[in-house]
Amino acid sequence: MNPLRLLGGIGRAVLTVFATFGKVALFTVDAISHVFRPPFYPREFVVALMNIGWLSLPVVGLTAIFTGGALALQIYAGGARFNAEAVVPQIVAIGMVRELGPVLGGLMIAARVTSSIAAEIATMKVTEQIDALVTLSTHPMKYLTAPRVLAAILTVPVLVAVGDVIGIAGGYVVATQNLGFNSAAYLQNTVNFLELHDVISSLVKGATFGLITAVMGCYYGMNSGRGAQGVGRATKSSVEAAAIMILAANFILTGVFFSV
Amino acid sequence: MIRLENVHKAFGDNRVLQGMNLDIPKGTSMVIIGGSGTGKSVALKCVLGLIKPDSGMIYVDGKDAATGDRDAFLARFGMLFQGAALFDSLPVWQNVSFRLLRGPLKRPAEYAREIAIDKLRRVGLKSDVADRFPSELSGGMQKRVGLARAIAAEPEIIFFDEPTTGLDPIMSGVINDLIREIVTEMGATAMTITHDMSSVRAIADNVAMLHGGVIQWTGPVEQMDASGDPYVEQFISGSAEGPIEAVR
């Protein structure tokens, strides 16, 4: 292959990545600004709260409970190698609250909510419903994006907090039923070990991941191509982008909260 | 009066509009005809500001359509989209009275529902349709609901994008008659794009033939058959022979 052509291809790909970052950044700023500027659409906000928050609860809860249980088993097995089985409650708590609760919750919400938002808005675009909104004097960013972004920022931290508790409960059940831990001692160790800082980091991560999931769904939906293929591509790209951005944001936020 | 002056629009290498000029006098019904992909929808969307022209001017009642209060500008328009473009998540009555349930024209929900049912009746639909969702309606019913939505706020200007596409001849006739009646009754300025010649004859006061990005011929519908324009003649006859290439 011609090396110049190869370099050209790499250059184009890099430029596309930077251009997309720029567009997403501008879209995010625009979306957030519309959250604070009237007119507001309370009905759409309530619907988004239900879809993003309430209806995601089973997925997040099930993910958390199995993760917490598996974590307890792994820590017990790993800790046994150097006689540190007793740290199961502490590590389950810190692992769930600081990392696994927010990250796995965020990823599950990306799979469920981002895909749903992207597919819905992309379908609205290809069926001219977005154009119809404009002709009915309704700004699509205010009507479609702002309620979803606000709902996600508010509900995902709550989901993450609930997931943290359920995850710890999963670890507790496994530890007390299978691994012989004392129930009261397990709970006491969990409560004593967790700090407010851990909980705050979890909630901040939740809010950030909520913003990412909603913005990515809306951005790819609004910029969808034509036809069924366009909708499919928008949905796939939105989930990929949201998942990668959640993991990257998690790394940055962990550095900010816990760098020594 | 709507005036398009030397409007150009390209999508990449595809130059769709190449200096389109058109006048639509107030209170008249203009139908733009032309083959698929000739830019009819693009022209219509340029007037509404859904697509920004690359160059040229569009005036509505002498004022530049691209400047001024956008909400006030759009409040003057109603539009029936090709696929009706009804909002799936809302029941029919909320689709029809969408404008009356939010924004500057907001009215109490009961009043908006009454208006919606009244407009549904106007387009020949019974009140029990009001609480159904768009996905529960046939294509013809969706078009009628779209028409009811377009006229709900009694706009001065109504656009119809392929109003009969995908409908059987009888339902097409019903929609055409409704459009003609409503436009006459409301005294609205109408702009319709279609390639259905029965729609043209039923709806139009004036006809414009768009091809190659420019208006090839325009005149009263009565003169269309004797226009002498080869593009119009080929389009009316549906012949593969003529200046319009059959393979595009």
Side-chain angles (χ1 to χ4, degrees), chain A residues 12 16 19 30 34 37-52 55 113 116-148 151 217-218 221-228 230-231 235, chain B residues 11 41-42 44-52 69-91 94-106 109 134-135 139 142 145-147 149-153 155 157-162 165 191:
Chain A
R12 269 192 298 277
T16 304
D30 196 26
H34 282 292
R37 285 188 285 151
F40 304 113
Y41 296 100
R43 184 188 170 277
E44 280 63 39
F45 173 63
V46 172
V47 171
L49 275 183
M50 291 298 291
N51 284 337
I52 298 170
L55 297 177
V113 173
S116 153
I117 291 175
E120 184 181 355
I121 294 180
T123 305
M124 289 183 75
K125 191 179 178 202
V126 299
T127 55
E128 294 187 304
Q129 291 179 52
I130 305 264
D131 285 345
L133 274 179
V134 176
T135 63
L136 293 165
S137 307
T138 303
H139 199 305
M141 288 296 282
K142 288 188 190 301
Y143 185 76
L144 296 173
T145 303
R148 286 166 170 81
C218 293
M222 292 276 194
N223 292 285
S224 146
R226 289 182 180 181
V231 175
T235 308
Chain B
F11 298 96
S41 293
V42 172
L44 192 147
K45 287 182 178 179
C46 282
V47 177
L48 282 168
L50 296 173
I51 293 175
K52 196 171 174 233
D69 182 349
R70 183 106 183 103
D71 283 347
F73 174 78
L74 287 169
R76 301 176 64 190
F77 287 84
M79 172 140 179
L80 171 60
F81 285 85
Q82 187 173 348
L86 301 176
F87 304 122
D88 306 322
S89 58
L90 301 178
Q94 288 187 25
N95 266 281
V96 174
S97 54
F98 190 90
R99 238 178 195 155
L100 305 175
L101 289 167
R102 44 186 71 72
L105 296 175
K106 188 172 179 179
S135 58
Q142 289 188 12
V145 174
L147 184 53
R149 183 174 69 183
I151 63 171
I157 304 161
I158 314 178
F159 287 175
F160 303 97
D161 185 358
E162 308 275 10
T165 297
M191 182 168 159

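Numbered from 1 within each chain, the chains take letters A, B, ... in sequence-line order.
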Evaluate side chain to side chain contact (heavy atoms under 4.5 Å, CB included) for A:Glu128 paired with B:Asp161, printing each intermediate quantity in order.
CA-CA 11 Å; A:Glu128 294 187 304; B:Asp161 185 358; 4.1 Å; yes

Before you tell me yes or no, could you show the steps for B:Phe98 and A:Thr138 under side chain to side chain contact (heavy atoms under 4.5 Å, CB included), namely the whole-Å CA-CA distance, both residues' side-chain angles and the distance that decides it to 0.1 Å?
CA-CA 10 Å; B:Phe98 190 90; A:Thr138 303; 3.2 Å; yes

Please determine whether side chain to side chain contact (heavy atoms under 4.5 Å, CB included) holds for the pair A:Gln129 and B:Asp88, giving the CA-CA distance in whole Å, both sets of side-chain angles, and the decisive distance to 0.1 Å.
CA-CA 9 Å; A:Gln129 291 179 52; B:Asp88 306 322; 3.3 Å; yes

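Taking all atoms of both residues into account, the shortest heavy-atom contact from B:Arg149 to A:Leu136 is CD-CD1, 3.9 Å. When all heavy atoms of A:Thr135 and B:Leu48 are compared, the pair lying nearest together is CG2-CD1, 3.9 Å. Here the closest non-hydrogen pair linking B:Leu74 and A:Ser137 is CB-OG, 3.7 Å.
With a 4.5 Å cut-off on side-chain heavy atoms, B:Arg70 and A:Val134 count as touching.
Residue A:Leu133 touches chain B through both its backbone and its side chain, counting heavy-atom pairs closer than 4.5 Å. Residue contact with chain A, scored on non-hydrogen atoms closer than 4.5 Å, is absent for B:Ile51.
No other option in B:Phe77, B:Phe159, B:Phe87 has as many heavy-atom pairs under 4.5 Å with chain A as B:Phe87.
Proximity to chain B among residues 42-49 of chain A is limited to A:Arg43, A:Glu44, judged by heavy-atom separations below 4.5 angstrom.
Here A:Lys142 pairs with nothing under the salt bridge (Lys or Arg N to Asp or Glu O under 4.0 Å) rule; sequence neighbours left out.
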